Engineer: 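Okay, handing you the structure first.
The structure presented is a predicted model; accordingly, all values stated were derived computationally and were not measured.
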Amino acid sequence: MQLDPNKRYLLSRPRGGFNDAMVQLEKSRLYAVQYGRTLILDMSRSGLHAPFESLFTVSDTFGCDVILWSPEVARELDAAQSIHPKPLSGRVSTYEIALKHQPNVQMVDRETGCQINFDHSRDHAAQILVYEQMGGGYFSLEALKRISLQPHVAEMIVTRLQPLDAGYQAVHIRHSDYKTDFEAFLTRLRPLLRGQHVLICSDSAEAKGAAAAVLDRSTSVFSVSETPDTGGVPLHGKRDSDRFKDNVDLLTDLLAMSVARKLYFTRLAGQHASKNKCSGFSLLADLLGRHPQTIRQLLSSTDTTSIEPLLARKHPPRPSLTRWMHQLDYYRWNYRAAKLAIRRYHRSLSPITDPEKIPNSHWPEESHPNSL
């Protein structure tokens with residue numbers, strides 16, 4: 001691979017968990033489209049810890065040319081003269097990052113302290129722009145509309161989902177770096193899920209193990225992925241594991257929740273309880289379930305006749321009066337989480353087209369090992 005002197009490029013290195021990475025991918029995609037740049041994509045630094053092409057392929061509607069990160073690309077970028085931020089010149093492939101918390105959270109070059117960022121509201125003269133940040137939101141949906149799972153990945157996921165009971169419901173519990181009071185949450189859900197088939201998705205083996213004990217005995221609890229005991233480290237923070245397997249598990253959980261008859265999640269607890277925050281992964285699964293065409297796009301590389309039966313599970317029969325009352329009570333005590341999900345859905349109907357409006361900050365992680 002050789003850089004074309006007549007073209008301009010944007011090296012994008014999305015950071016964070018899956019939802020954050022997709023948000024930052026969309027920010028970079030929009031900028032590349034708007035200013036006529038070729039996107040050089042390095043997804044290996046995200047929580048996936050894997051090349052983009054190991055899981056995905058871009059669709060014809062992506063909007064810009066894409067070059068995938070490789071050792072050859074790294075050598076070309078290291079030799080390039082026109083780089084922004086300029087302090088990265090000559091070491092694009094080797095610079096190390098740190099987190100700077102003031103005035104907001106930013107990825108910076110550890111050696112020089114410069115932000116690995118640029119003003120997304122205007123064009124820049126440099127041939128190569130470098131962007132490496134994190135930050136979430138509902139913009140991840142727009143990225144997912146323009147990519148597809150690799151055929152073998154899509155087939156693996158559909159094969160796992162096809163045997164599931166058509167009426168199953170799903171519960172998502174984030175409990176690693178961000179915490180959920182999962183025992184209280186499951187206890188609240190107990191009457192609502194009585195006698196149901198319930199999929200439990202979580203980044204915590206502890207939370208998964210608690211589900212069968214807390215929920216009613218008549219509730220059938222199952223999972224579609226393996227969750228190791230990470231000692232509180234988020235799954236996207238683990239490196240010493242089979243990344244392909246972990247990523248297929250993650251994507252299987254995401255799609256299984258999105259096609260469930262109903263998905264339940266709640267606000268975070270602990271230090272984030274006052275922020276009215278929910279897991280970005282929970283919100284993405286909920287949002288994806290409200291956009292079935294995006295699910296079709298993600299799975300478009302597999303047999304399309306196998307997709308529609310999965311989507312048909314979203315249409316439940318009319319509930320009994322008792323279940324309707326329990327459902328009403330759920331919306332009462334879980335009002336803030338439900339409101340946030342609905343708000344994101346309505347916002348997703350009018351997607352942002354200006355890259356500078358997509359945030360790249362994140363609430364601080366108090367004990368991040370790379371903090372400055």
Engineer: Can you sort out the partners of Phe244 under side-chain contact (heavy atoms from CB on, under 4.5 Å), two or more places apart, ordered by chain and number?
Structural biologist: Leu55, His152, Val153, Met156, Asp242, Val248
Engineer: Would you please name every residue forming a salt bridge (Lys or Arg N to Asp or Glu O under 4.0 Å) with Asp253, sequence neighbours left out?
Structural biologist: none
Engineer: Verify, without hydrogens or angle tests, whether Asp354 (side chain) and Lys357 (backbone) share a donor-acceptor contact under 3.5 angstrom.
Structural biologist: no
Engineer: Pairs in or reaching into residues 66-89: which pass ring pair (Phe, Tyr, Trp, His ring centres under 6.0 Å), with residues at least two apart or in two chains?
Structural biologist: His84-His124
Engineer: Would the Phe118 and Tyr31 ring centres measure less than 6.0 Å apart?
Structural biologist: yes
Engineer: State whether a side-chain donor-acceptor pair under 3.5 Å links Ser59 with Thr61.
Structural biologist: yes
Engineer: Does any N or O in the side chain of Tyr138 come within less than 3.5 Å of the main-chain N or O of Arg343, such that one atom is a donor and the other an acceptor?
Structural biologist: no
Engineer: Taking the side chain as every heavy atom from C-beta outward, state whether Phe281 and Asn19 have any atom pair closer than 4.5 Å.
Structural biologist: no
Engineer: Test side chain to side chain contact (heavy atoms under 4.5 Å, CB included) on Glu308 and Arg296; report intermediate values, then the result.
Structural biologist: CA-CA 8 Å; Glu308 295 308 315; Arg296 293 186 181 96; 2.8 Å; yes
Engineer: Taking the hydrophobic residues Ile, Leu, Val, Met, Phe, Trp and Tyr, and joining any pair whose side-chain heavy atoms are under 4.5 Å apart, which ones share a cluster with Ile173?
Structural biologist: Val171, Phe182, Phe185, Leu186, Leu189, Leu192, Leu193, Val198, Ile200, Val214, Leu215, Val221, Tyr264, Tyr330, Tyr331, Trp333
Engineer: When you measure from the side chain of Asn247 to the backbone of Leu48, do you find a donor-acceptor pair of N or O atoms at a distance under 3.5 Å?
Structural biologist: yes
Engineer: Examine distances only and state if a side-chain atom of Thr304 and a backbone atom of Ser300 form a donor-acceptor pair shorter than 3.5 Å.
Structural biologist: no
Engineer: Let's go through Asp246 and Arg243 carefully: what are the C-alpha distance in whole Å and the side-chain angles of both, what is the deciding distance for salt bridge (charged side-chain N to carboxylate O under 4.0 Å, His left out) to 0.1 Å, and is it a yes or a no?
Structural biologist: CA-CA 5 Å; Asp246 289 348; Arg243 292 311 310 178; 3.7 Å; yes
Engineer: Should the heavy atoms of other residues, nucleotides or ligands under 6.0 Å from NZ of Lys245 be counted, would the total exceed 12?
Structural biologist: yes
Engineer: Take a 6.0 Å sphere around CD of Gln81 and say whether it holds more than 12 heavy atoms from other residues, nucleotides or ligands.
Structural biologist: no
Engineer: When you measure from the side chain of Arg8 to the backbone of Ala32, do you find a donor-acceptor pair of N or O atoms at a distance under 3.5 Å?
Structural biologist: no
Engineer: Does Arg332 come within less than 4.0 Å of Asp329, counting only side-chain N to carboxylate O?
Structural biologist: yes
Engineer: Are the side chain of Lys27 and the backbone N or O of Ile358 linked by a donor-acceptor pair below 3.5 Å?
Structural biologist: yes
Engineer: Would you check if the side chain of Thr294 reaches a backbone N or O of Leu288 as a donor-acceptor pair within less than 3.5 Å?
Structural biologist: no
Engineer: With hydrophobic residues grouped by side-chain heavy-atom distances under 4.5 Å, do Leu311 and Leu164 end up in a single group?
Structural biologist: yes
Engineer: Just checking, is any N or O donor in the side chain of Gln133 or Gln106 under 3.5 Å from an acceptor N or O on the other one?
Structural biologist: yes
Engineer: Just checking, is any N or O donor in the side chain of Glu72 or Ser70 under 3.5 Å from an acceptor N or O on the other one?
Structural biologist: yes
Engineer: Identify whether NZ of Lys or CZ of Arg in Arg290 sits under 6.0 Å from the centre of the six-membered ring of Tyr345 and within 45° of that ring's axis.
Structural biologist: yes
Engineer: OG1/Thr180 to CG/Leu268 distance, rounded to the nearest 0.5 angstrom?
Structural biologist: 5.0 Å
Engineer: Looking at Ile307, Leu144, Leu254, which hits side chain to side chain contact (heavy atoms under 4.5 Å, CB included) with Leu298?
Structural biologist: Leu144
Engineer: How long is the gap from SG on Cys278 to CZ on Arg174, to the nearest 0.5 Å?
Structural biologist: 11.5 Å
Engineer: With heavy-atom distances below 4.5 Å as the criterion, would you say the side chains of Leu10 and Tyr35 are in contact?
Structural biologist: no
Engineer: Show, in sequence, the C-alpha distance, side-chain angles and deciding distance for Glu142 and Arg29, and conclude whether the salt bridge (charged side-chain N to carboxylate O under 4.0 Å, His left out) test is met.
Structural biologist: CA-CA 10 Å; Glu142 293 303 309; Arg29 186 195 72 82; 5.5 Å; no
Engineer: Who are the side-chain contact (heavy atoms from CB on, under 4.5 Å) partners of Arg217, not counting sequence neighbours?
Structural biologist: none
Engineer: Let's go through Phe265 and His172 carefully: what are the C-alpha distance in whole Å and the side-chain angles of both, what is the deciding distance for ring-ring contact (aromatic ring centres under 6.0 Å, His included) to 0.1 Å, and is it a yes or a no?
Structural biologist: CA-CA 5 Å; Phe265 58 92; His172 184 241; 7.9 Å; no
Engineer: Could you tell me if Arg160 sits above the aromatic ring of Phe222, with its cationic atom closer than 6.0 Å to the ring centre and no more than 45 degrees from the axis?
Structural biologist: no
Engineer: Strictly distance-based, threshold 3.5 Å: is any side-chain N or O of Gln196 a donor or acceptor partner for the main-chain N or O of Gly167?
Structural biologist: no
Engineer: With distance as the sole criterion, is a donor-acceptor pair present between the side chains of Thr112 and Asp109 under 3.5 Å?
Structural biologist: yes
Engineer: With a 3.5 Å cut-off and no angle check, do the side chains of Glu26 and Ser140 form a donor-acceptor pair?
Structural biologist: no
Engineer: Just by modelled atom types, is the Val92 backbone N or O under 3.5 Å from a matching donor or acceptor in the Asp78 side chain?
Structural biologist: yes
Engineer: Rounded to the nearest 0.5 Å, what's the gap from OG on Ser93 to CZ on Arg75? Could you check?
Structural biologist: 9.5 Å
Engineer: Keeping the roles fixed (side chain from Asn360, backbone from Met134), state whether a donor-acceptor pair exists under 3.5 Å.
Structural biologist: no
Engineer: Given a cutoff of under 4.5 Å between side-chain heavy atoms of I, L, V, M, F, W and Y, with clusters grown through shared members, what are the other residues clustered with Ile342?
Structural biologist: none
